[in-house]
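For clarity, every value in this text was computed on a predicted model and none was experimentally measured.
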Amino acid sequence: MTAPRRAWSFALATFVAMLAVPLLVWLVLPSPGAPPARQPRSRATTAALATPVETAPAGTTPEPRPTSKPAIAKADEPPADDDVTGTVLDSDGQPVPRAAVGCDDRSAQLTTTTDMEGRFRLPAEAAGCMVVAHHAQHPASERVRVEAGKDNIVKLGAGGAIEGVVVDEQGASVTSYRLTIELFLPNAEGVDLGVRGRPKKVEDPAGAFRLEKLPPGKYVLGASAEGHPPGKSETVEVEVGQTARNVRIALPRAATLSGTVRDEQTRKPIAGATVRLDGMAGGGGFDIATPVTTDAEGAFSLVGVPPGPFSVRVDHDGYKSRIVPGLTTRGASVIREDITLRARGDGGSESELEGIGAILAPTPGGIVIASLVENGPGAKAGLRNADRLLRIDGVSALEMTLPDAIQRLRGPSGSRVTVSVAREGEGNVDVTVTRERIER
């Protein structure tokens, strides 16, 4: 074969090989298969209640978390077909922005907030639940069953109002004072006053006030002004859509408590002891009587004490703090009470109190005994934790304020008080307690 012919044959063989090798590889190697299907992008959401992201410690494997559908979708995305949507309205039918909406009978996560148009959106799990709406400026709504696929309307309560005046002991108008709700017994469970329960500063030439949008129930109002002990109203009944008028709060005349503080053993006067009212919070925050300090002769004059009953607390380094209860003015402008203190020993008790040895707590159903001093007079007489006060010495405790109940249960050592309580599983029980001096 000539040289040109051999060259052409080599070129042709090379060309055929270049075509055959890819074909052979395609036939021999396995097929790579179809590309993975693209996962649909989930709808971006914003949860109504943010959940903090937890980071697993180094060297550990984080536990998987169950996923749940957030409560609110972004405003620029349409709601899903199975979302629960609706509107929160006030008592006048106007949309209420920034109202809290949640299922009252389901998971606490099924909660959201209305937008600026009063609209809310809950996930599909909320369908069929009983929704309640809350807002600081309105009474809470009734429980409303919500469903998917409809425009659910949740209407905040209308509430009622209280109108009245604050006067001094002579009946003259008090033009500047602080007003507060001392007691609220709601007609329904789970009702919260929110900001409506905060003290309110009132400036009015006639001493008049008006409280609005109050949930139905029973109220006791308190008022205080500089230079006066606090006063309180009688129990006021508030009904939906009604105004309770002509409520009168009279601030009592301030009196002065004078006396001398002495060492109980040596009878020597104690200089520098502090004397102040105790357990008399109320009326919105004004100081009832400014604390005073005994002089070199142990003498003091506490100006601005209420008619009573009231208690004073006396403190001094090196002595046990003492609370003296059961003080009353009986209409006098000046009363006297001499007080003795016991020296504080190493490792001994730090305070003394005369009473029944019970710690009280307010609840929507009334005042209850939160705890009892172990082997104290109340516990020995048969009182129990969680007992609800019904009467103290025959006076109804159901509408008492907490300071009133505290002062009525305190008293001189050796005196007796009869307490009627409601007890779970046993009904009403009457217990007579002999007060003692309790050291803590």
Side-chain angles (χ1 to χ4, degrees), residues 227-230 252-282 286-360 373-378 380 403-417 433-440:
H228 296 272
R253 180 178 64 172
T256 300
L257 172 68
S258 297
T260 303
V261 178
R262 296 180 180 274
D263 185 295
E264 187 171 285
Q265 288 187 333
T266 66
R267 308 305 296 178
K268 291 182 178 180
I270 301 175
T274 302
V275 184
R276 59 167 59 86
L277 290 173
D278 184 83
M280 294 296 297
F286 280 111
D287 287 336
I288 300 172
T290 303
V292 295
T293 303
T294 55
D295 61 17
E297 301 300 322
F300 68 91
S301 289
L302 186 63
V303 179
V305 300
F310 65 92
S311 306
V312 294
R313 180 187 181 101
V314 185
D315 298 283
H316 190 282
D317 290 341
Y319 288 88
K320 297 178 182 180
S321 297
R322 184 179 176 189
I323 296 176
V324 181
L327 302 174
T328 58
T329 65
R330 292 185 173 86
S333 59
V334 179
I335 61 172
R336 184 174 182 84
E337 182 73 18
D338 293 327
I339 302 169
T340 60
L341 298 182
R342 293 181 181 180
R344 184 188 305 170
D346 294 337
S349 60
E350 297 183 353
S351 63
E352 297 178 332
L353 166 67
E354 294 169 272
I356 70 169
I359 297 176
L360 307 181
V373 174
E374 185 177 358
N375 205 33
K380 290 188 295 185
D404 285 343
I406 291 173
Q407 298 303 325
R408 288 177 180 272
L409 290 178
R410 290 178 176 178
S413 180
S415 62
R416 306 175 77 187
V417 59
V433 185
T434 299
R435 300 181 178 99
E436 299 177 9
R437 179 179 286 194
I438 302 165
E439 298 191 6
R440 294 181 294 179

(message) Restricting to non-hydrogen atoms, name the atom on Ala273 and the atom on Val314 that form the minimum distance, rounded to 0.1 Å.
(response) CB-CG1, 4.1 Å

(request) Using the test side-chain hydrogen bond (donor to acceptor under 3.5 Å, both in side chains), find all partners of Arg440 that sit at least two apart in sequence or belong to another chain. (result) none

(request) For Pro229 and Pro252, work out which heavy atoms get closest and say how close. (result) CD-O, 3.2 Å

(request) Identify, with sequence neighbours excluded, every residue that meets side-chain hydrogen bond (donor to acceptor under 3.5 Å, both in side chains) alongside Ser301. (result) Ser258

(request) Grab the two heavy atoms, one from Ala332 and one from Ala255, that are nearest each other, plus how far apart they are. (result) O-CB, 3.6 Å

(request) State which residues pass side-chain contact (heavy atoms from CB on, under 4.5 Å) with Pro269; sequence neighbours excluded, sorted by chain then number. (result) Arg262

(message) Within this structure, what is the CG-OG1 distance for the pair Leu341 and Thr294, rounded to the nearest 0.5 Å?
(response) 9.0 Å

(request) Go through the structure and list residues passing side-chain contact (heavy atoms from CB on, under 4.5 Å) with Thr293, not counting sequence neighbours. (result) Thr274

(message) I need the Gln407 CD to Leu327 CG distance, nearest 0.5 Å.
(response) 9.0 Å

(request) Grab the two heavy atoms, one from Leu277 and one from Pro306, that are nearest each other, plus how far apart they are. (result) CD1-CD, 4.0 Å

(message) So, using side-chain contact (heavy atoms from CB on, under 4.5 Å) as the criterion, who are the partners of Arg416 when residues are at least two apart?
(response) Thr432, Thr434

(request) Hey, could you give me the CG/CD1 distance between Asp317 and Ile270, rounded to the nearest 0.5 Å? (result) 11.5 Å

(message) Strictly by ring-ring contact (aromatic ring centres under 6.0 Å, His included), give each pair with a member in residues 316-345 just once, sequence neighbours left out.
(response) His316-Tyr319

(request) Evaluate the side-chain proximity of Ile339 to Val312: yes if any heavy-atom separation is below 4.5 Å, no if none is. (result) yes

(message) Strictly by salt bridge (charged side-chain N to carboxylate O under 4.0 Å, His left out), give each pair with a member in residues 299-313 just once, sequence neighbours left out.
(response) Arg313-Asp315

(request) Tell me, please, which residues at least two apart from Glu297 pass side-chain hydrogen bond (donor to acceptor under 3.5 Å, both in side chains). (result) none

(message) Would you say that Phe310 contacts Leu257 through its side chain, given a criterion of any heavy-atom pair below 4.5 Å between the two side chains?
(response) yes

(request) For residues Gly326 and Ser311, report the shortest heavy-atom separation together with the two atoms involved. (result) N-OG, 4.3 Å

(message) Would you compute the distance between atom OG1 of Thr328 and atom CD of Glu337 and round it to the nearest 0.5 angstrom?
(response) 10.0 Å

(message) I'd like to check the side-chain hydrogen bond (donor to acceptor under 3.5 Å, both in side chains) partners of Arg322; sequence neighbours left out, ordered by chain and number.
(response) Thr340, Glu354

(request) Please name all residues satisfying salt bridge (Lys or Arg N to Asp or Glu O under 4.0 Å) with Glu439, sequence neighbours left out, ordered by chain then number. (result) Lys320, Arg342

(message) Ignoring hydrogens, what is the shortest heavy-atom contact between Pro412 and Pro325? Give both atom names and the distance.
(response) N-CG, 4.3 Å

(request) May I ask you to test the Pro377-Arg435 pair for a side-chain heavy-atom distance under 4.5 Å? (result) no

(request) Kindly write out the residues that satisfy side-chain contact (heavy atoms from CB on, under 4.5 Å) with Ile406, not counting sequence neighbours, or none if the list is empty. (result) Leu360, Leu402, Arg410

(request) Could you list the residues that satisfy salt bridge (Lys or Arg N to Asp or Glu O under 4.0 Å) with Asp338, not counting sequence neighbours? (result) Arg336

